[in-house]
Amino acid sequence: MSEQNTNPNADQSTEQTAQNETLEEIEKSGGVRTDNGSETIQCLSIIGQIEGHYFLPEGQKATKYEHIIPLLVSIEEDNETDGLLIVLNTMGGDVEAGLALAEMIASMRKPTVSLVLGGGHSIGVPLATSAKRSFIVPSATMTVHPVRINGLVVGVPQTFHYFNEMQKRIIGFICDHSKADPEQIRELMMRPDEIATDVGSIIDGDEAVKYGIIDNVGGLSDALDALRQMIRENKKQ
């Protein structure tokens, strides 16, 4: 009668190796891929400030768009990945970099769901709307304000024309990928009484849904349920 060779240390070593690989994946890409046996979902986190053409100061949490763009391409092309969950807690950042990421997500064929936790401010607003379905937790906030720039600004008509055109593109993207009305978004951007010494609006989760920017108020389980439903419908087609 043959004896089975069971080595608890080997099992622990394999489990530890898998955990280390998962942690390494999270550290490199800001996300992780999960498989429940029915669907394989890639989770991608966009946190802190979105770093664009210039490096941010050390010690500041940042999402580097040059890392996210190739990751989005690999997710779209990976036959083993069924859907993408984007978790947002961002203060905004580089406008062109954020809009580039939003355009990439919006153009994906695979099911995508966004979830705003904490905050989805500034360029985080179009990023939240770029997914096919969007959720926000009740305690989260979103800051809607005009395009701004730090540092020296050349006060010529061409500069202000550029800002205005960029703002039109952002408003157009938000409204094209949500139920929001362009005039309402513009009014929220230009309110002078919502933010001290500035213009713009800070809205909570319920208000974001009321204005049509976000689809639903909900948490992680709601976002995952919606994503799984989209994946199942996608597989039937």
Side-chain angles (χ1 to χ4, degrees), residues 46-53 63 65 86-108 112-218:
I46 298 178
I47 61 172
Q49 190 166 347
I50 298 167
E51 186 177 88
H53 302 298
T63 296
Y65 88 113
I86 305 110
V87 179
L88 287 155
N89 190 1
T90 177
M91 60 185 292
D94 189 290
V95 174
E96 288 188 346
L99 200 55
L101 292 177
E103 290 283 8
M104 287 281 290
I105 295 169
S107 63
M108 295 178 72
T112 55
V113 170
S114 65
L115 174 62
V116 180
L117 299 169
H121 305 296
S122 190
I123 200 63
V125 178
L127 276 165
T129 65
S130 64
K132 293 176 175 62
R133 286 284 303 278
S134 57
F135 289 82
I136 185 170
V137 297
S139 62
T141 57
M142 306 185 84
T143 303
V144 185
H145 64 73
V147 174
R148 299 180 293 197
I149 190 169
N150 295 325
L152 178 66
V153 177
V154 180
V156 295
Q158 290 88 340
T159 301
F160 297 110
H161 176 72
Y162 169 78
F163 284 174
N164 189 51
E165 290 302 307
M166 175 62 76
Q167 193 163 299
K168 285 181 181 178
R169 282 153 54 192
I170 292 171
I171 293 173
F173 183 93
I174 293 171
C175 296
D176 287 345
H177 297 87
S178 70
K179 304 180 186 73
D181 176 71
E183 290 304 316
Q184 180 68 75
I185 297 298
R186 193 171 290 107
E187 192 269 331
L188 289 171
M189 280 184 169
M190 303 308 295
R191 280 183 184 173
D193 57 344
E194 291 291 327
I195 305 177
T197 69
D198 205 339
V199 291
S201 302
I202 300 176
I203 58 177
D204 61 23
D206 289 324
E207 290 175 313
V209 174
K210 182 184 75 172
Y211 291 127
I213 298 172
I214 301 297
D215 294 324
N216 300 98
V217 173

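Not counting sequence neighbours, the partners of Asp215 by the side-chain hydrogen bond (donor to acceptor under 3.5 Å, both in side chains) test are Ser134, Lys179. With sequence neighbours left out, the side-chain hydrogen bond (donor to acceptor under 3.5 Å, both in side chains) criterion links Asn164 to no other residue. The side-chain contact (heavy atoms from CB on, under 4.5 Å) test applied to Glu103 returns Phe173, not counting sequence neighbours. Among residues two or more places apart in sequence or in another chain, the side-chain contact (heavy atoms from CB on, under 4.5 Å) test is passed with Val87 by Cys43, Leu85, Leu117. For the salt bridge (charged side-chain N to carboxylate O under 4.0 Å, His left out) test, no residue two or more places apart in sequence or in another chain qualifies with Glu96. Taking Ser122 as the reference, His145 meet the side-chain hydrogen bond (donor to acceptor under 3.5 Å, both in side chains) condition, with sequence neighbours excluded. Considering only residues two or more places apart in sequence or on other chains, Ile171 meets the side-chain contact (heavy atoms from CB on, under 4.5 Å) condition with Gln167, Cys175, Pro182, Ile185, Arg186, Met189. For the side-chain contact (heavy atoms from CB on, under 4.5 Å) test, residues two or more places apart in sequence or in another chain that qualify with Val95 are Ile123, Met166, Ile170. Tyr65 is linked by a ring pair (Phe, Tyr, Trp, His ring centres under 6.0 Å) to nothing, counting only residues two or more places apart in sequence or in another chain.
The side chain to side chain donor-acceptor pair (under 3.5 Å) analysis of residues 112-121, with sequence neighbours excluded, yields the pairs His121-Thr143. Sorted by first and then second residue, the salt bridge (Lys or Arg N to Asp or Glu O under 4.0 Å) pairs with a member in residues 156-167 read Glu165-Lys168; sequence neighbours excluded.
Scanning all heavy atoms of the two residues, the minimum distance from Thr90 to Gly48 falls at OG1-O, 2.8 Å. Nearest heavy-atom pair across Ser178 and Gly212 is CB-O, 3.3 Å. In this structure, Ala97 and Ile50 approach most closely via the heavy-atom pair CB-CG2, 4.2 Å.
At least one donor-acceptor pair under 3.5 Å links the side chain of Asp204 to the backbone N or O of Asp206. The closest donor-acceptor contact from the side chain of Asn89 to the backbone of Gly119 lies under 3.5 Å.
Between the OG atom in Ser130 and the CE atom in Met104 there is a gap of 11.0 Å [rounded to 0.5 Å].
For the pair Ile46 and Ile86, the minimum side-chain heavy-atom distance is below 4.5 Å. Met142 places a side-chain heavy atom less than 4.5 Å from the side chain of Ile214. Between Tyr211 and Ile203, the closest side-chain pair of non-hydrogen atoms falls below 4.5 Å. Between Arg191 and Ser201 there is a side-chain heavy-atom pair separated by less than 4.5 Å. Counting heavy atoms from C-beta outward, Leu115 and Ile136 have side chains that stay 4.5 Å or more apart.
Only one option out of Leu88, Ile47, Leu127 pairs with Thr63 in a side-chain contact (heavy atoms from CB on, under 4.5 Å); it is Ile47.
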